Amino acid sequence: MKQYDHIKIEKKCPSSAITLRHGKQKLAEYNHKRIEIKWQRIWERKKLYKTVEPKSADTAKNNKCYILDMFPYPSGEGLHVGHPKGYIATDVYSRFKRMQGFNVLHPMGFDAFGLPAENYAIKNKIHPSVAVKKNIKRYKEQLEIIGLDYDWSREVDTTDPEYYRWTQWIFLQLFKKGLAYESNEPINWCPSCKTGLANEDLEDGKCERCSSVVEKKPIRQWVLRITDYADRLLKDIDSLNWPESIKESQRNWIGRSEGSEISFAVEFENGGKPGLVPVFTTRADTLFGATALVLSPEHPWVTLAIDENHKGVLKNAESVGQYVALSKKKTEIERTDAGKEKTGVKLDGVWAINPATKEKIPMFIADYVLADYGTGAVMAVPAHDERDWEFAKKYNIPIRCVIKDEKNYSDTNKENNCKLLKEVFDLSRKHDFIMVLVGGMARLAQSDKKFGLHSDVDVFVTQNGWKIIEKQLADRGFNSKLSTGEKTGSHFWKNHKAFWSDKDGVWLDLFLLEEENGIYFDTIIGKKFVWGNNSVLEDVRVDNFDFTVPNKDLLNSIYQNLSSGWIECFTGEGLLTYSDKFDGLNSKEAKKKITEFVGGKMVTKYKLRDWVFSRQRYWGEPIPLVHCEKCALSNPAGQGVVAVPEKDLPVKLPNVKSYEPTGTGESPLATISKWVNTKCPQCKGPAKRETNTMPQWAGSSWYYLRYMDSKNKKALVDPKKEKYWAPVDLYVGGTEHATRHLIYARFWHKFLYDIGVVSTSEPFTELKNQGLIMGEDGRKMSKRFGNVVNPDDVMATYGADTFRVYEMFMGPFEQSIAWSTQNMIGSRRFLERVWKLGCRFTDTKHETVDRGLEAGTFEIVLNKTIKKVGEDIQGFSFNTAISSLMILLNAMEKTVVTEEQMGVLLQLLAPFAPHMAEELWSAMGNKNSIHIATWPVFDPEKLVEEMVTIAVQINGKVRGQIIVSKDSTEEVVKNQAQGIPEVKKWIDRQQIKKVIYVQGRVVNIVM
RNA sequence: GCUCGAGUGGCGGAAUUGGUAUACGCGCCAGACUUAAAAUCUGUUGACCGCAAGGUCGUGUGGGUUCGAUUCCCACCUCGAGCACCA
């Protein structure tokens, strides 16, 4: 423990108010206020929690432990009791680690740039810098009374120029590496906050801050190329010890999808060939089923087709134009509501060519196709995509099934399918259709016994020379002779078909697929049937049958009926069918082969967008760039954007009176000509500063690095210190940062890793999320519900130690639980009992009372507790750690306890109730702080009692118990078990079949 | 709709390489102390039947595997969280 020499508590305190006791002292009643303030002052004075790096460079790194809380954003409201839960947990953990001899880094700071602080300032008419100072002060006071072990000498504040100089520095490095670029693309614009926002700042298409519906607005902005890191951000998720839900959210957010880019040729009716439209698809295997090409309304091809110069290309350019205009007006929410009915407009006078089938297919525009994902155009495969399916039904696009569902052949399905088949037959009867079934009679005959299907079928075609079997024959029932000409070969046809048709060749298709274990419907519907050219059905032509055909309206109504009812679109993967030479391939292989076949390429796309990094607001880090017209002329590629030299950082945010957002797309900084007009660092001519500021998430994307070396004026962090402390061993905070802070920080960290500033590729190895504390009424704690509990009040009444113990005891750390003051009183009672017990050791000789608990048995309880508390703190199971401390206390109250044993209790309690533990520890005559005492070690020999209780079961039901020596042999235990009266009375009646003994646990007698 | 997580007394919760379900705490009830109350201490407390001995049921529901299932398997229901027209 050498490294802590400097914090040994001295014998005399400089302040007369606080003297350390020499020897044992008599203690008064438990007065939490006096004790807590006293020790907080002493700890601060003694710098008990100050962290120092080891002096020699070769100190083993495995002795360090960097424990980090997500630093708070100090709002005007102050903390409620839910906020400190995570801080208390890391405090318990870090105290435990310190006692175990680790060199602990447990810092704290404040994040205060950005919209919330600025909006608060505007609302309350206080300058943000003043409001932030005030809020930080309040937060810090609130945190201090909890008795947390932060090393405040390392505090960071993201709005401090000495801090944001390095935020700006990182931006410059990104800029130099080409990862920051200027753009004028339309982005999310919050009309209320009057600024552009990143995708991550939205919640359901609304501004995350003020819940206003965002608009798309083209403004000049700075953007960071986070997508360059998408692949690495995704891949490295696997290596992180994070909650699965957070990892899943990040994977989801990054949204990698592998697919193909395939071009569709476009042709005009008049013969013109305007070129190719590329689509992105993850399902190239379904290309043969692509029966339309759908473009987003913003697609450049559409824009071109409806502009003045190309009038006449589209026959319906006007209605197309109207649709495009309508889409533009819609908000993001209206456009992306998946529940709403799909709309679109067919492009008349033009068609696309399916590159696989070479068929002409219709073209549409529809707003369900997103402009900014993939290529802004999709191939519609109605049979195998829900959205296309829905769209196709509405606009009468052919639906063609090209994938067989392999998985769907279970017995239950077979039964269901037969029921469905029956339904179809009933339908055909009702509407006077003719039912034709092709092939598969053997199978059908079997199913038929149950459902009596055959009598409904009018015409059968078998494989034996494609004979048409008359209905009469069918009526007589099937036999194997009829259905299988030869028994050897496969008599299960790959595809079977039942269909209706009219003479015009308008078909209502029903595919019946059959495999070894059943028949089922694959898909139906399609106004025009295309024969697969591999099928046995090739020889079956409509001319072979003499149909009586109902009218088309009726056909249509059945079509509707069927399509809305039991027919489903199959979106899974399977084996290909009706796909020419690719038939029988599985989806996975087919994706590659078909892409290759049509000259496409395999590509990877991400949902993640580049990070819109500028805000048209005052309260943020100025972006350290200048715009110089002269430099733009001499070097057009650079567009006149010049980086502020590193030595001139920080570019300080000017202190101004008026900072309200302008709403013009310009930051309020633009109006401060004194600040804006500057000298170009390159050509020394006149230039203008960049007036956009950075988003709220900038400062928090790297703050954990600054704690390692918070005062460094020369570098963001000293590489030596970084090497020692990195990475953060344990990071604790709320789940709300899953797709914001935690992605941004990983991105910046990886960038800093690439340029050699940090030594690890990931910033946070382990992450834990605390569950919320709800109001006493079970609702989320909020001013609105009037159920907010103020921690200051709680601690004034019950004490910080009680508060801490309760928050850790209330339930599993990750779980949300409602606050209960009543339950908290239980924790207070526990501490009072510890106090009472402790007092017996402080004045004269200790005298706990023997109330019948044997010393040996107690030893075992004590050792078990040492083991369990250590394991539970390590595993963040604080509730069970405290529960076992309660069990220990219960035992201590029933036996004679030694001073040393009392000390162990205090040490185990110290992380949870640091003030009380310290007070009693000190009062018992210890000179050094309990928080730097060595964590107790348990004796493995003393974990099991000599005599163990074993349950005796009869047929698995507990009937009695026996107490045996822990070393008893199996035979002895079994015999003893059969000897007890509760068991005897059962045994007497019946024969014993078997006796099972589980070592030290249970005997089960089977009758 | 998709993904993930969770369903245990009056309440928060404990226990899962399958082995005495309800630890610990809260509340309730009874007793001690008190003129009384609060506080504190002691004891009881899963449900049902029974005077009792004792028995039956019981970890969301229904099945299954097993000598034995809160724990494993299948199907379903409910709640919570996240994502959601991403082709």
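Values in this document were obtained by computation on a predicted structure and should not be read as measured data. Chain letters run A, B, ... following the sequence lines, proteins first, then strands; residues in each count from 1. Just so it is clear, the values below take in all heavy atoms, side chains as well, and ignore hydrogens, waters and symmetry mates.
Scored by the side-chain hydrogen bond (donor to acceptor under 3.5 Å, both in side chains) test, A:R959 finds no partners at all (sequence neighbours excluded). Every residue meeting the ring-ring contact (aromatic ring centres under 6.0 Å, His included) condition with A:Y395, not counting sequence neighbours, appears here in chain and number order: A:F364, A:F391. For A:E871, the salt bridge (charged side-chain N to carboxylate O under 4.0 Å, His left out) partners two or more places apart in sequence, or in a different chain, are A:K867. Under the side-chain hydrogen bond (donor to acceptor under 3.5 Å, both in side chains) criterion, A:W301 pairs with no residue at all, not counting sequence neighbours. Partners of A:R1001 by salt bridge (charged side-chain N to carboxylate O under 4.0 Å, His left out), not counting sequence neighbours: none found. For A:K607, the salt bridge (charged side-chain N to carboxylate O under 4.0 Å, His left out) criterion is met by no residue, not counting sequence neighbours.
Base orientation at B:G9 is syn, since its O4'-C1' glycosidic dihedral falls within 90° of 0.
Around NZ of A:K966, the count of heavy atoms belonging to other residues, nucleotides or ligands within 6.0 Å exceeds 12. More than 12 heavy atoms of other residues, nucleotides or ligands sit less than 6.0 Å from atom CD of A:E244. Summarising the local packing, CD of A:E814 is surrounded by more than 12 heavy atoms from other residues, nucleotides or ligands at distances under 6.0 Å. Residue A:K394 places its NZ atom among more than 12 non-hydrogen atoms of other residues, nucleotides or ligands, all under 6.0 Å distant.
Between A:Y30 and A:H32, the angle of the ring planes goes over 60°, which puts this pair in the perpendicular group of the 30/60° scheme.
A:Y368 carries A:K342 over the face of its six-membered ring, with the cationic atom under 6.0 Å from the centre and within 45° of the normal. In this structure, A:R779 is positioned above the aromatic face of A:F785, its NZ or CZ under 6.0 Å from the six-membered ring centre and within 45° of the axis. Both tests hold for A:K605 against A:F280: distance to the six-membered ring centre under 6.0 Å, angle to the ring axis within 45°. Under the 6.0 Å distance and 45° angle rule, A:K85 counts as a cation-pi partner of A:F813.
Regarding A:L608, its CG atom lies at a distance of 14 Å from the P atom of B:C83, rounded to whole Å. For A:Q250 and B:G82, the CD to P distance is 15 Å, given to the nearest whole Å. Atom CG of A:N890 and atom C1' of B:C24 are 9 Å apart (whole Å). A:I743 places its CD1 atom 16 Å from the P atom of B:G82, with the value rounded to the nearest Å. If you take CD1 of A:I246 and P of B:C83, they are 11 Å apart, rounded to a whole angstrom. Taking atom CG of residue A:L287 and atom P of nucleotide B:A87, one finds them 17 Å apart after rounding to whole Å. Atom CG in A:N955 sits about 15 Å away from atom P in B:U66, given to the nearest Å. Distance, A:W242 CH2 to B:C4 C1': 17 Å, rounded to whole Å.
A:Q822 has no side-chain polar atom (N or O) that falls below the 4.0 Å cut-off from OP1 or OP2 of B:C26. Residue A:Y368 has no polar side-chain atom (N or O) positioned under 4.0 Å from OP1 or OP2 of B:A87. Contact annotation: A:S257 reaches the phosphate of B:A87 (side-chain N/O to OP1 or OP2, under 4.0 Å).
For B:C67, the base has no donor-acceptor partner in the side chain of A:K993 [N/O atoms by modelled type, under 3.5 angstrom].
Listed nucleotides B:A87, B:G25, B:G27 differ in distance to A:R833; the shortest reach to its side chain belongs to B:G25. Residue A:R829 places its side chain closer to B:C26 than to any other of B:C24, B:C26, B:C4.
Along RNA chain B, the nucleotide nearest to A:K607 and the one nearest to A:I887 differ in position, and the one closer to the 5' end is contacted by A:I887. For A:S245 and A:G374, each mapped to the nucleotide of RNA chain B holding its nearest heavy atom, the one lying further toward the 5' end belongs to A:S245.
Going from the C1' atom of B:G58 to that of B:C49 covers 15 Å, rounded to whole Å.
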Each nucleotide N or O in nucleotides 30-34 of chain B that has a protein N or O under 3.5 Å away: list the pair and distance.
none

Polar-atom pairs under 3.5 Å, protein N or O versus N or O of nucleotides 19-21 of chain B: list them with distances, or write none.
from  : atom 1 : to      : atom 2 : distance (Å)
B:G19 : N2     : A:Q953  : OE1    : 3.4
B:G19 : N2     : A:N1004 : ND2    : 3.4
B:U20 : O2     : A:Q961  : NE2    : 2.7
B:U20 : N3     : A:Q961  : NE2    : 3.0
B:U20 : O4     : A:T949  : O      : 3.3

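Stem regions annotated for RNA chain B: B:1-7 with B:77-83, B:10-12 with B:24-26, B:29-32 with B:40-43, B:46-49 with B:54-57, B:60-64 with B:72-76, counting only runs of 3 or more consecutive pairs of Watson-Crick or G-U type with both contacts under 3.5 Å.
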Nucleotide by nucleotide, 5' to 3', does protein get under 4.0 Å of the base (B), only the sugar-phosphate (S), or neither (-) in nucleotides 5-14 of chain B, counting heavy atoms? -------BSS
B/S/- along nucleotides 47-56 of chain B (protein heavy atoms under 4.0 Å) is -------SSS
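As judged by a 4.0 angstrom heavy-atom cut-off over every strand, A:R609 is placed among residues making no nucleic acid contact. Among the atoms of the strands shown, base atoms are found under 4.0 Å from some heavy atom of A:V369. A:G255 comes within contact range of no nucleotide atom at all, as no heavy-atom separation falls under 4.0 Å.
A distance-only check finds a donor-acceptor pair linking the side chain of A:S968 to the backbone of A:S965 [under 3.5 Å]. With hydrogens and angles ignored, the 3.5 Å screen pairs a side-chain donor or acceptor of A:N354 with a backbone N or O of A:L287.
Legend: side-chain hydrogen bond (donor to acceptor under 3.5 Å, both in side chains) pairs involving residues 280-289 of chain A, not counting sequence neighbours, sorted by first then second residue: A:R283-A:D285, A:D285-A:S587.
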